[in-house]
Structure formats: structure tokens, C-alpha cells
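Report on the structure given below.
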Amino acid sequence: MFKGALFDLDGVIADTSNLHFKAWQDHARNYFAAELPPSIEEQTKGVSRSDSLNVILNYLDVAVSDSMFHQLLLEKNEHYKDSLKQLSPKNILPGITTFIAELRQHHVKLALASASLNGPVILEKLALSEAFDAIADPSKVPCGKPAPDIFIAAAKALDLHPSECIGIEDAIAGITAINESGAFSVAVGANPELKTADLPFLTTSELKFETIRTSYSLWQKERFL
Ligand code: BG6
Ligand code: MG
């Protein structure tokens, strides 16, 4: 049985993923008179703010000065934070409250493994801070997703080895990060590339403790065959 659950935040716990992309889209319109396609939304999911901006600038094929780069990051975050003003427990994605309660009933420890520097504030607004035993700080890990660092740090914060944990993600970069960390990967989302997860689900409402426990046990057995 797994002992820890390492959660992504945007698009797993809260419906905030589209707010990130909306802020980037407004930026692209205002500064570059351009529209960003859905493929760019996918590529900015799970990756840090500055990596997201690099993805967008590459797509637009524009180069900006360092000071402009920082200005764009700052403004995007202000814009994003504005959109979080009304955030409340109503923004928790379907099934997550029950799933977290089930994990806690089974004495599974919970850690946040989000790339977002706004993670602690968002957990507060969702009234979920108490449910989490640790929050891995994305500013303290050498590399962002798809590197495994944040999931390794989150497991360590729980005093566990990644293989004793499940990681839950909606981003392809995030699933790669979990797989690389050695934890059992659980995906939520419809993108076919998420099938690289050990256990893919289409939506958060399908996250069922018993299904995950069974699948994790099989995975553990296979690893030691
Ligand atoms: C991830 C989002 O959770 O956090 C990304 O999926 C975002 O889209 C990243 O870029 C960083 O978030 P923030 O809040 O620090 O800008
Ligand atoms: Mg996410």
C-alpha cells in the first residue's frame, strides 16, 4: 500500500489551469497581437512561469530583452492573481474532496508538488491547507517539470521514498516528472499522451482510492519480479 500522495495543483485539485492560459492569451493579444493555439496551452501546462513564457515566445518567434521578459512574467502573474480573487472551495475539481478524505482515512500523507509559486495561497483559498502535510517549494528545486525534482522533494518532505508514493497530474510534463522520480503516476485528462501514466483517468471524478490501491500493488509486485 502506498504511504504518500504527491499532488499537482492546477488542473488536479483546482480548476485554475484555464486561468493560467487565459492570462497568457491576454498577454499575447495585448503585446504581440497574436492568438495562442490549444497546443501551446498543453505545452505550458505543468511548466514554470518562465518556461511557459519561453514556450510562447518561441511559438511567436519573437525575442525580448531580459527586462521585458521579467516585466511580462510580473504582469502575467498580476493578471493571474486578479483572476484568483474569487477563488473558493467551489473551485475544487469534482471528486477531489472525497478522494483527499479517503486518503487521509487510510493514513496516507499528502504533499503538494506543484510548479506554481502561488500554490500555498491557492490551497488556503480552497480551505485545503490543513489536509496537506507538506508543500514542496518549486523555487528551491534545481529543475522544473518534466524533471523529477519537485516530486522527489515532495516525497522527501513526507520522509518517504518516491516509490512509496503516488503522484497525480494533468500535464504531460508532470507525468514524465512522476515517472522519472520513481513514484507511481496517476493521470487525469483526455490527452492521449497521458496514457504514459501508470494509471490514466479521464477526469478527477474517476479518482477512486480502491482502484488506485489495487493498481499500485500490482505495479509494486511487478517491479520486484
Ligand atoms: C503550473 C501550471 O501548475 O504552475 C503552469 O500548470 C504554470 O501553467 C506553473 O506556469 C507556474 O505557476 P505560477 O503560479 O508560479 O505562475
Ligand atoms: Mg496541472
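Numbering of residues begins at 1 and proceeds along the displayed sequence. We count ligands from 1, going down the list as the structure has it; atoms in each ligand are counted the same way. None of these values were measured; they are calculated from a predicted model.
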Item to complete: Under the ring pair (Phe, Tyr, Trp, His ring centres under 6.0 Å) rule, what do Y216 and W219 come out as? Steps first, then yes or no, please.
Response: CA-CA 5 Å; Y216 174 84; W219 175 81; 5.4 Å; yes
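The side-chain heavy atoms of E206 and T203, taken from C-beta on, include a pair separated by under 4.5 Å. Using a 4.5 Å cut-off on side-chain heavy atoms (C-beta onward), Q86 and N91 make no contact.
Scanning the protein heavy atoms around atom 7 (C) of ligand 1, the nearest turns out to be V47 O, 3.2 Å. For atom 6 (O) of ligand 1, the nearest protein heavy atom (residue, atom name, distance) is G46 N, 2.8 Å. Protein heavy atom in closest approach to atom 16 (O) of ligand 1: R49 NE, 2.7 Å. Atom 15 (O) of ligand 1 has L117 N, 2.8 Å as its closest protein atom, hydrogens excluded (heavy atom only).
Checked for salt-bridge contact, K145 and E169 meet the test: a charged N lies under 4.0 Å from a carboxylate O. At a threshold of 4.0 Å, the pair D26-K76 does not count as salt-bridged, since none of the basic side-chain nitrogens sits closer than that to a carboxylate oxygen. In summary, K85 and D82 engage in a salt bridge, as defined by a charged side-chain N under 4.0 Å from a carboxylate O.
For K45, no nitrogen or oxygen atom sits less than 3.5 Å from a nitrogen or oxygen atom of ligand 1, counting backbone and side chain alike. The shortest N or O to N or O distance between W24 and ligand 1 is not below 3.5 Å. Between D10 and ligand 1, at least one pair of N/O atoms sits closer than 3.5 Å.
Taking OG of S39 as the reference point, atom CD of E42 lies at 9.0 Å (rounded to 0.5 Å). Taking CG from D8 and OG from S17, the interatomic distance works out to 8.0 Å, rounded to the nearest 0.5 Å. Note that the OG atom of S215 and the CD atom of E210 stand 12.5 Å from one another [nearest 0.5 Å]. Once rounded to the nearest 0.5 Å, the distance linking CZ of F99 with CZ of F209 reads 8.0 Å.
Qualifying side-chain hydrogen bond (donor to acceptor under 3.5 Å, both in side chains) partners for D10, counting only residues two or more places apart in sequence or in other chains: T16, H20, Y80.
No heavy atom of L9 sits closer than 4.0 Å to any atom of ligand 1. The closest approach between S17 and ligand 1 stays at or above 4.0 Å for every heavy atom of the residue. Heavy atoms of S48 come nearer than 4.0 angstrom to ligand 1 in at least one pair.
Close approach of ligand 1 to S52 is summarised as follows: ligand atoms under 4.0 Å from at least one heavy atom of the residue are 10 (O).
If you look at S116 next to ligand 1, the close heavy atoms, those under 4.0 Å, come from the backbone and the side chain alike. Contact annotation: for T44 versus ligand 1, heavy atoms closer than 4.0 Å belong to the backbone alone. Contacts between H20 and ligand 1, counted as non-hydrogen atom pairs separated by less than 4.0 Å, involve the side chain only.
Within a 6.0 Å sphere centred on CG of N191, heavy atoms belonging to other residues, nucleotides or ligands number more than 12.
Shown here are the protein N/O/S atoms lying under 2.8 Å from the Mg ion (ligand 2), water excluded: D8 OD2, D10 O, D170 OD1.
In the model, Y59 has no side-chain atom that pairs as donor or acceptor with a side-chain atom of Q43 under 3.5 Å.
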